Each structure stands twice: as C-alpha cells, then as structure tokens.
There are 2 protein chains.
Amino acid sequence: MHKLAIYHLETLLWIARLGTFRAAAERLHTTQPAISARVREIEGQLGVAIFRREGRGVVLTARGRQLVQDCEPLLAGLESALLEAGNHAGAAGIVRIAAGEIAAATCLPQFASAIGKDLPGVTLHIDLDLTARMLQNVLAGTRDIAFLAGPVASPGLRTAPIGAVDLTWLASPSIAKENRLHSDIPIWSVGEHSPIHRVTCESLKAAGLPVRAINTCNNVEAMLGIVASGAGAAVFPKVMARRLIETGQLAEFHTRPKSQLRFEVAIRSNETDPVVLELFRRAAHLSVAG
Amino acid sequence: MHKLAIYHLETLLWIARLGTFRAAAERLHTTQPAISARVREIEGQLGVAIFRREGRGVVLTARGRQLVQDCEPLLAGLESALLEAGNHAGAAGIVRIAAGEIAAATCLPQFASAIGKDLPGVTLHIDLDLTARMLQNVLAGTRDIAFLAGPVASPGLRTAPIGAVDLTWLASPSIAKENRLHSDIPIWSVGEHSPIHRVTCESLKAAGLPVRAINTCNNVEAMLGIVASGAGAAVFPKVMARRLIETGQLAEFHTRPKSQLRFEVAIRSNETDPVVLELFRRAAHLSVAG
DNA sequence: TCTGATTGATAAGAGTTGCTGATGCACAAG
DNA sequence: CTTGTGCATCAGCAACTCTTATCAATCAGA
C-alpha cells in the first residue's frame with residue numbers, strides 16, 4: 001500500500017476534477033495509458049475499485065469519492081510542505097533555541113521579532129532552562145542555539161557577546177528609602193550558579209557587608225514579586241524591573257554593583273547547518289543594552 | 001518532486017523518530033542501503049539537505065525538522081484514508097442522496113440513522129431538491145439515490161416503494177372549527193408538479209368545491225406556518241403537522257382526501273456500485289407509515 | 001593508543017516499475 | 001452506418017529500487 005507515490009493520488013484528484021482519464025493526462029502532461037496504469041496501480045494496492053467503467057467513461061465509486069474527498073486537503077498540505085522545504089530562497093526550518101530566564105526576558109523578544117520579520121520561513125522552538133542543562137543540550141545537539149547570561153566557555157561551544165544590561169539593587173520603597181544597604185535587610189538572589197549571584201556577593205563585600213545566608217529563588221520574575229512585597233533586597237537587571245519601578249512597587253538603592261550582566265549566544269563549535277549559522281550571525285549582531 | 005512515494009516520507013519520519021538509518025531500516029523491514037537511497041532520493045527531489053552527516057550518525061537540519069513536523073500529521077491522515085478505502089469489510093464510501101422536502105422530513109431521518117448505525121463506513125451527502133431536478137441528477141449520475149413522493153417512472157430509473165403517509169386537510173382552529181371546507185376558505189398547495197397538488201385538486205372536486213385559483217408555496221414547512229397563521233386550508237402529510245396539531249396551532253377537517261402520499265426510492269437502472277445497491281436494498285425495506 | 005563495534009556511503013547486478021506509442025474495443029452522436 | 005471519443009491492452013525501452021558485499025569514518029573500551 002505504501003508503494004503509492006504522491007503523483008498517484010494527485011492523478012486521482014485530477015481525474016475526479018476533470019472527469020476523464022484523457023483530460024487528466026493532458027493536465028498532468030502525460031499520456032492516457034500512463035493514467036490508466038496509475039489508476040490500475042492504485043486500485044491494485046488498495047484492493048478496491050475506485051472507478052466504475054461506465055459506457056465510454058468512468059465515474060467514481062462511493063469508496064472512490066470518499067478517498068478523493070479525504071485525500072484532497074491532505075495532499076494540498078503535503079504539497080505545500082514539500083514546496084516549502086524545497087524552497088531555496090532564504091533560510092527556512094525549525095531552529096531549537098534554549099534560553100535562560102533573564103536572557104529570555106531581555107534579548108529574545110527583539111531577536112524573535114526580527115527573525116519573524118526578516119526570515120519568515122524560520123520557525124523558532126524556544127525552551128527556557130537552566131544554564132547547565134542548556135549547554136548540555138546544545139553540546140548534545142538537542143538544541144541549536146542558546147541565549148544565556150554570563151560568560152561561558154567550553155571547547156565544544158562557539159559563543160558571541162550580544163550586549164549587557166545594568167544591574168541594580170532593588171527593594172520595596174519602604175526598605176529602599178534609607179538608600180543604604182545594611183545588615184538587617186534580608187538579601188535575595190537567584191541560585192548559586194547564576195552570574196547575578198556572583199555580582200550580588202561581590203557587591204555585598206564592596207559595601208562592607210557580610211555575605212550571610214542568602215535567600216534564593218530560581219526564578220527572577222517570581223523573585224521580583226517577592227522583593228516587591230517587602231521581603232528584602234536583591235540585585236536585578238534594571239530592564240526587567242522597569243515596570244515595577246515605574247509603578248512605585250520597587251525602588252533603587254544608591255549603592256550600585258559595578259558589573260553589568262553580559263549576555264552571550266552559543267552554538268556548537270562544529271555546527272554546519274546554514275540556517276543555524278545564519279541565526280547565530282544575526283544574534284551576534286544584536287546589541288542589547290539597558 | 002512528485003516522484004516521491006508515501007514510503008519515502010514514512011522513511012523520513014522513522015529516521016527522525018529512531019535516530020539512525022539502521023534502526024529505521026529494521027523498523028521498515030528493509031536494508032540500510034535502501035534507506036540511504038531513499039533519503040538521497042528525497043534530498044535530490046527537494047534539492048536541499050534533510051540530514052547533516054555528523055560523526056558516525058546523522059541529524060536533521062533545520063529544514064528537515066520542519067519537513068518532518070509538517071509531514072507527520074498529514075501522513076497519518078493519508079494512511080488512515082488509504083486504510084479506510086482499502087478496508088474490504090462492509091460497505092464504505094460517500095453516497096449522494098437527493099430527496100424531496102416531504103420525503104426528507106418523513107423517510108430520511110430513520111434511514112440516515114439506520115445507515116449510521118449499521119454501516120458506519122458510509123457517509124451520506126443529502127441534497128434537497130425538486131423532483132424534476134432530482135431525477136435528472138440521478139439519471140446523469142450526479143446523485144446516486146433519490147427519495148421522493150409520488151410514483152415516478154422512467155426507463156433509466158429503478159424504483160421501489162417505501163411506504164405511504166396519510167394526507168389530511170388542515171387549517172388554523174378558527175377556520176377548521178366549522179369542520180367543513182367551503183368556497184370562502186383560501187386554498188393552499190405546493191407547486192403544480194407535486195403529487196400533493198393533484199390530491200388537493202381531486203379532494204376539492206370530490207367535495208363539490210370549485211378548483212379555483214390556488215395559492216402555492218414550494219416549501220411545505222413554510223406553508224405549514226402560513227396555514228397555521230390563518231391564511232387558509234391545505235392538504236398536508238399528517239406526520240409533518242403532528243407537532244402543530246398537538247399544540248393546537250392547526251386542526252383537521254372532517255373531510256379527508258382518499259389517497260395517501262406514496263414514497264419511492266430511485267436509482268439508475270444500470271447502477272452497479274455495490275454500496276449504492278446495498279443502500280437501495282435497505283431503503284426498499286424501509287416501511288414508512290403514518 | 002590500539003582494537004573492535006557501529007554507522008553510513010558506495011558499487012554491481014538483478015528484478016521491477018513506469019512510460020510511450022500503437023492498436024483494439026465499446027459507446028455515443030450525426 | 002459511420003465517425004469520433006474514451007479507456008484497455010500490449011510490447012519495447014528506460015529508469016529506478018532493492019540486495020549483497022565492501023569501504024571509510026567514528027567512537028568506546030582495553
């Protein structure tokens with residue numbers, strides 16, 4: 001049954017549309033015996049009659065009508081899929097992207113919209129994940145491109161910087177009004193392995209404060225809500241907190257960490273897929289700032 | 001591009017699912033070189049690389065992933081359509097039915113539900129139409145079966161009676177309370193060519209009333225509403241008016257036409273499609289009464 | 001580092017399939 | 001009855017696909 005080719009079914013549809021083998025033969029730029037043979041092949045493979053020979057013509061049987069009706073939309077879809085896949089012009093395909101939460105919130109929107117506009121044939125599959133798993137997936141070939149915060153280096157990876165964003169200490173206004181960090185304010189940070197965590201610790205040391213037990217939350221967006229509700233202070237990318245600052249739910253400290261949060265895009269160093277390379281190139285030209 | 005067979009795409013899907021050519025070869029009960037050849041064929045037809053040879057294995061390119069994802073549901077649909085079409089057990093297919101309005105309201109519901117229950121593979125396409133066009137379509141092969149009222153006979157048609165329903169004079173209660181037709185009551189009927197019209201005329205004559213200008217409406221359901229609103233009296237199949245009689249919107253006259261309305265089912269006399277013949281046989285065993 | 005196992009590519013031969021062009025048969029219209 | 005139309009069939013030819021056997025590249029483990 002699987003010996004049937006696409007053109008067999010296409011032949012069926014054209015016979016159904018035009019009514020005669022001969023007309024279908026002309027439409028498909030072939031000869032009438034070829035059409036006869038194709039129909040014979042289909043009927044042989046399926047084991048049922050699709051056409052009833054009637055007078056000097058043929059008409060569809062009930063089964064044949066059902067088959068034609070069922071196949072028409074499927075075939076149209078298949079043709080467009082193949083056409084799309086075979087379309088040389090421009091990049092096309094599915095690119096699997098991994099992103100850290102912060103990168104997803106800061107870099108990805110503009111990247112995704114730029115790709116959607118410039119390369120309409122490209123579909124993005126984005127998964128948010130932790131940095132370690134992200135890199136693991138890229139190395140294993142499960143993901144194509146990773147957007148992540150903080151410098152990473154690995155022999156199997158090729159990376160490019162895509163900009164940096166300012167970090168700042170934030171807390172609810174009642175806490176931040178003193179404009180000075182002191183040891184009674186609970187400190188929050190994302191998990192150990194995040195570059196933000198490193199910056200948090202360094203900033204605390206620079207301010208002469210002890211690096212005490214630090215509360216952690218592995219989701220920045222959630223942590224924004226926690227800190228905004230008065231739970232303490234934390235270092236955030238300023239752009240991610242912009243709305244909460246504007247609405248007065250968070251306020252900045254005068255104390256500011258020195259370093260920025262730098263973003264990178266990473267692919268496997270032996271990547272050869274032209275579409276992935278093109279997207280890497282475009283990502284590397286992104287310039288994230290704020 | 002159309003030289004591709006179903007099994008080419010199926011091969012693609014199995015490679016994507018299993019990861020290697022060898023595994024796909026085993027799954028598809030063939031050899032690895034055959035799989036290689038199929039892939040080469042697909043890539044040749046499409047003109048793009050679907051797999052990237054990497055190390056001792058292969059991985060999908062971005063385009064390839066897109067193609068696989070696009071094809072998966074389409075292929076599943078195609079397979080089930082072909083499987084359904086090739087399924088010998090029982091009748092299956094699309095049968096095009098033409099029906100007159102009255103037949104549609106009286107015979108078709110039970111027929112359609114019986115078919116739906118006994119022959120789940122059969123799909124019905126029902127068109128309501130006027131008797132003349134119906135028969136024309138059946139003779140031309142545009143419709144397979146016709147359900148219609150009144151006896152028809154044509155050299156190209158094969159018919160079978162499927163029962164009869166009682167006819168009765170109806171009007172709104174205020175008119176019908178006299179229980180006697182008289183010449184001041186406007187008479188309604190469906191168009192000239194309907195058997196109901198003939199019965200109406202005969203009944204009028206039998207009652208000693210003149211066959212005056214008769215109001216017509218080519219839709220019985222609409223005419224029921226017209227008569228129920230007090231516009232006059234008309235002969236209806238009693239079953240079609242049952243609800244309006246029960247709710248008191250229509251009432252019967254004592255005067256009743258002698259003849260019933262007989263229904264028939266018709267197919268082309270040289271019909272050979274086994275599914276159509278089976279449905280004709282079943283329709284002929286319908287027994288409509290009321 | 002070396003060996004063995006795994007994976008895909010390639011080549012040659014056999015079998016099959018599909019197309020073409022010519023011909024025959026059935027049916028419909030004039 | 002003749003002509004035209006439409007499908008089936010046949011023979012020859014070209015193309016394709018499968019299989020078996022072999023090769024090259026890569027990776028895992030000793």
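Note that this is a predicted model, so its numbers are computed, not measured. Each chain gets a letter, A, B and so on, in the order its sequence line appears, and its residues count up from 1.
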Discussion item. Enumerate the side-chain hydrogen bond (donor to acceptor under 3.5 Å, both in side chains) contacts for residues 128-140 of chain A, please, sequence neighbours excluded, ordered by first and then second residue.
Written reply: A/Asp129-A/Arg133
Worksheet item: Mapping B/Glu41 and A/Val58 to their closest nucleotides on DNA chain D, which lands nearer the 5' end?
Response: A/Val58
Worksheet item: For DNA chain D, which residues in residues 13-30 of chain B have a heavy atom at a distance below 4.0 Å?
Response: B/Thr30
Worksheet entry | Positional range of nucleotides in DNA chain D within the contact set of chain A, heavy-atom, under 4.0 Å | D/dG4 to D/dT9
Worksheet entry | Rounded distance in Å - CD1 (A/Ile42) to P (C/dT17) | 15 Å
Practice prompt. Starting from P on C/dG8, measure out to CZ on B/Arg38 and report it in whole angstrom.
Written response: 15 Å
Worksheet entry | Integer-rounded Å distance: C/dT20 C1' and A/Ile35 CD1 | 13 Å
Worksheet item: About how many Å separate CG of A/Leu279 and CD1 of A/Ile145, when rounded to the nearest 0.5 Å?
Response: 4.5 Å
Fill in: NZ/NE/NH1/NH2 to OD/OE distance under 4.0 Å, B/Arg282 and B/Glu278
yes
Worksheet item: Between the two end axes of the helix from C/dT1-D/dA30 to C/dG30-D/dC1, each built from 5 base pairs, what angle do you get to the nearest 10°?
Response: 30°
Worksheet item: Is it true that B/Asp144 and A/Arg65 make a salt bridge, defined as a side-chain N closer than 4.0 Å to a carboxylate O?
Response: yes
Worksheet item: Ion pair present between B/Arg268 and B/Glu271, side-chain N to carboxylate O less than 4.0 angstrom?
Response: yes
Worksheet entry | Distance-only donor-acceptor check, side chains B/Ser36 and B/Gln32, under 3.5 Å | yes
Practice prompt. Could you grab the distance from atom SG of A/Cys71 to atom CG of A/Leu78, nearest 0.5 Å is fine?
Written response: 10.5 Å
Discussion item. Would the distance check show the side chain of A/Thr61 and the main-chain N or O of A/Ala49 forming a donor-acceptor pair, the cut-off being under 3.5 Å?
Written reply: yes
Worksheet item: Separation of B/Phe51 atom CZ from C/dA9 atom P, in whole Å?
Response: 10 Å
Worksheet entry | Spacing of CG belonging to B/Leu18 relative to CZ belonging to B/Arg27, to within rounding of 0.5 Å | 8.0 Å
Worksheet item: More than 12 heavy atoms of other residues, nucleotides or ligands under 6.0 Å from CZ of A/Arg52: is that the case?
Response: yes
Worksheet item: OP1 or OP2 of C/dT20 sitting under 4.0 Å from any side-chain N/O of A/Thr31?
Response: yes
Worksheet entry | Neighbour count above 12 (heavy atom, 6.0 Å) for A/Asp118 CG | yes
Item to complete: Produce a footprint string for nucleotides 25-30 of chain C: one letter per nucleotide, 5' end first; B if the base is under 4.0 Å from any protein heavy atom, S if only the sugar-phosphate is, - if neither.
Response: --S---
Discussion item. Parallel, tilted or perpendicular: which one describes the rings of B/Phe111 and B/Phe147, with boundaries at 30° and 60°?
Written reply: tilted
Worksheet item: Which value, rounded to the nearest 0.5 Å, describes the distance between B/Asp127 atom CG and B/Ile97 atom CD1?
Response: 10.5 Å
Worksheet item: CD of A/Glu26 to CD1 of A/Ile35: how many Å apart, nearest 0.5 Å?
Response: 10.5 Å
Practice prompt. Can you measure from CD (B/Gln45) to CD1 (A/Ile6) and round to the nearest 0.5 angstrom?
Written response: 10.0 Å
Protein N or O to nucleotides 10-13 of chain C N or O, pairs below 3.5 Å:
none

Worksheet entry | NZ/NE/NH1/NH2 to OD/OE distance under 4.0 Å, B/Glu72 and B/Arg17 | yes
